[in-house]
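Let me begin by presenting the structure, written as C-alpha cells, before commenting on it.
Reminder, nothing fancy here: chain letters follow the sequence lines and each chain counts from 1.
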Protein chains: 2
Amino acid sequence: MVSRAESAAATRRALLDSAAELLDEGGPEAVTLRDVAARAGVSRGAPYGHFADKESLLAAVAAEGWERLGDEIAAQQGSPSDRLRGALAVLVTIGRRCPHRYRQMFGAPAGEETGMLINASCRAQEKFLAIVSELVDERDVHRYGGLLFTGVSGIIAAELSGYFATGTWHTSADELVDTLVTTIADGRAQRPVHPR
Amino acid sequence: MVSRAESAAATRRALLDSAAELLDEGGPEAVTLRDVAARAGVSRGAPYGHFADKESLLAAVAAEGWERLGDEIAAQQGSPSDRLRGALAVLVTIGRRCPHRYRQMFGAPAGEETGMLINASCRAQEKFLAIVSELVDERDVHRYGGLLFTGVSGIIAAELSGYFATGTWHTSADELVDTLVTTIADGRAQRPVHPR
DNA sequence: CTCACTCATGTGACGATGTCATATGGTCGA
DNA sequence: TCGACCATATGACATCGTCACATGAGTGAG
C-alpha cells in the first residue's frame, strides 16, 4: 500500500494542482478552499493539514509558478541576445496563458509564506540576471537587468488590464517589449554606461 | 434642509471616501461593505442604492484614483523634460503613499464598471502622452510613451512587492526609473528612431 | 504479533460577509 | 394636501474561512 507520508504528499500535490486550476479558471475569488478540496478528492478541513490558510495555499501556487518560470528562463539556448529575448518571451507567454496566476505571482505577497514566495521569485530573477550579465558590463547588470525584468512585467500587466485593446496607446505589448530590449540591451551592450 | 438628490450625492461621496480609507488601511480584503457603510454612517444595504456590488464600488474608487493621477500629471510645469519626470514621479509617489489603491488601479478591471474604469485610466494616460509628444517625434509618441508609463508602473509594482528590499536586484526603483527615462526620453529625443 | 500512539483526514459548528426581498419614511410633483 | 417615488433600514439566506473535535488507518516498540 501507500505509506502515510506518500499519501500526504500526494494530497498536498493534488491540493496545489486543484488550486492552480481554479485560479487559472476564475481568478483568486474563484479559489474556494471547499472547491479546492473537492477537486482534490478530500474534505473541507484537509487543506489545513498542509497549508496555514488560503493565503498560504495561493502563495505556494505562486511560488511554483516562479520556479517554473525560473526553469524556463534557465532552459533558454542560443546567443546571449537570443536567451535574453527568449527569457522575456517566457514572461510574456506565462502572463498571457495564465493571467490570474501571473497576477498572483507579481501581486502583493501576503500571509505567512511571504518569505518563501519572495525567495522563489529571487531565484528565478537571478537566473535572468545571469543572462543579462553576458550582455552588459558587470556594473550595469542589476540596473539594466532589473529594468528589463520589471519593465516587461509592467508591460504585460498593462496588456492584461486591457490597456492595449482600447486605443489609448496605439501600440502592442510585443512592440513595447521589443523596443525596450532593443533600446536597453542592444543599444547599451557595445557602449556600457556606468553611474558617474 | 438638504434635498433628496443632495443627500444621495453626499451618501455616495461618503461611501467612496470610506471605501478608499479602508482600502488604503488594509487592502481590498479589508474593504467590507458593512464597514464601508458604517464608516459612512449608513446601513448595510445602502451601498446597493449607489453601486451594483462590491467590485463596482472598488472600481469607482480606482477610477477616482485615475482621475486624480491625471490631474496631477496635467498640473506639471516647467520644461517638457521636467514635466515628464514630474509626471512619472507622481506615479511613484501614489504607488508608495497608497499601495493598495495603486494595485487596485493597475490591477485587473472587474465587474460592471470595467468600461468606466478603463476610460478613466485612458484619460489620465492621454495626459501623459501629451507631455511625451513634446519630447519625441510624433511617430514615436505611443511607442515611447507607452514604454515609459507601463515600464514605470512595473518598476513600482516590483518595489511594492518588496523585490528591491531583498537583495536580488541590488538597485532601487528610483534608479530604474531614472535609467529608463534617461535612456528612452533623453537618449531618443534628439535622434528619433522610427520603425523601418 | 499486538497494542498504544501519531497524524492526516472527516465532520460539525460558528462568525463574517455579499447579496437580495421587503418594509419604511421622508421628499417631490400635482 | 395627497399619492408616488426613491433612498435607506432591516431581516434573511447562502457561501466561505476557520477551528475544535472525532475517527481511523498506518507505525513503531515491546
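- Computed from coordinates, the B:Leu58 CG to C:dT17 C1' distance equals 14 Å when rounded to whole Å.
- The salt bridge (charged side-chain N to carboxylate O under 4.0 Å, His left out) contacts involving residues 144-154 of chain A comprise nothing, where partners must be two or more places apart or lie in separate chains.
- Within residues 9-32 of chain B, the residues approaching DNA chain C are B:Val31, B:Thr32, by heavy-atom distance under 4.0 Å.
- A salt bridge links B:Asp178 to B:Arg85: at least one charged side-chain nitrogen sits closer than 4.0 Å to a carboxylate oxygen.
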Between the protein and nucleotides 18-21 of chain D, which nitrogen or oxygen pairs are less than 3.5 angstrom apart?
residue : atom : partner : partner atom : Å
D:dT18  : OP2  : A:Tyr48 : OH           : 3.0
D:dT18  : OP2  : A:Lys54 : N            : 3.1
D:dT18  : O5'  : A:Tyr48 : OH           : 3.3

What donor-acceptor contacts under 3.5 angstrom involve side-chain atoms of residues 104-116 of chain B, with partners at least two apart or in another chain?
residue  : atom : partner  : partner atom : Å
B:Thr114 : OG1  : B:Gly111 : O            : 2.8

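- Applying the salt bridge (charged side-chain N to carboxylate O under 4.0 Å, His left out) test to B:Glu55 and every residue at least two apart in sequence or in another chain returns nothing.
- Taking B:His142 as the reference, A:His170 meet the ring-ring contact (aromatic ring centres under 6.0 Å, His included) condition, with sequence neighbours excluded.
- Legend: residues meeting side chain to side chain contact (heavy atoms under 4.5 Å, CB included) with B:His100, ordered by chain and number and at least two apart, are B:Leu23, B:Pro28.
- Checked against ring-ring contact (aromatic ring centres under 6.0 Å, His included), B:Phe149 has the following partners two or more places apart in sequence or in another chain: A:Trp169, B:Phe128.
- For the pair A:Glu6 CD and C:dA8 P, the computed distance is 14 Å after rounding to whole Å.
- If you measure from atom CG of A:Asp35 to atom P of D:dC16, you get 6 Å, rounded to the nearest angstrom.
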Listing, residues 39-53 of chain B side-chain donor-acceptor contacts under 3.5 Å, not counting sequence neighbours, or none:
residue : atom : partner : partner atom : Å
B:Arg39 : NH1  : B:Glu21 : OE1          : 2.8
B:Arg39 : NH1  : B:Glu25 : OE2          : 3.1
B:Arg39 : NH2  : B:Glu25 : OE1          : 3.4
B:Asp53 : OD1  : B:Ser56 : N            : 3.0
B:Asp53 : OD1  : B:Ser56 : OG           : 2.8

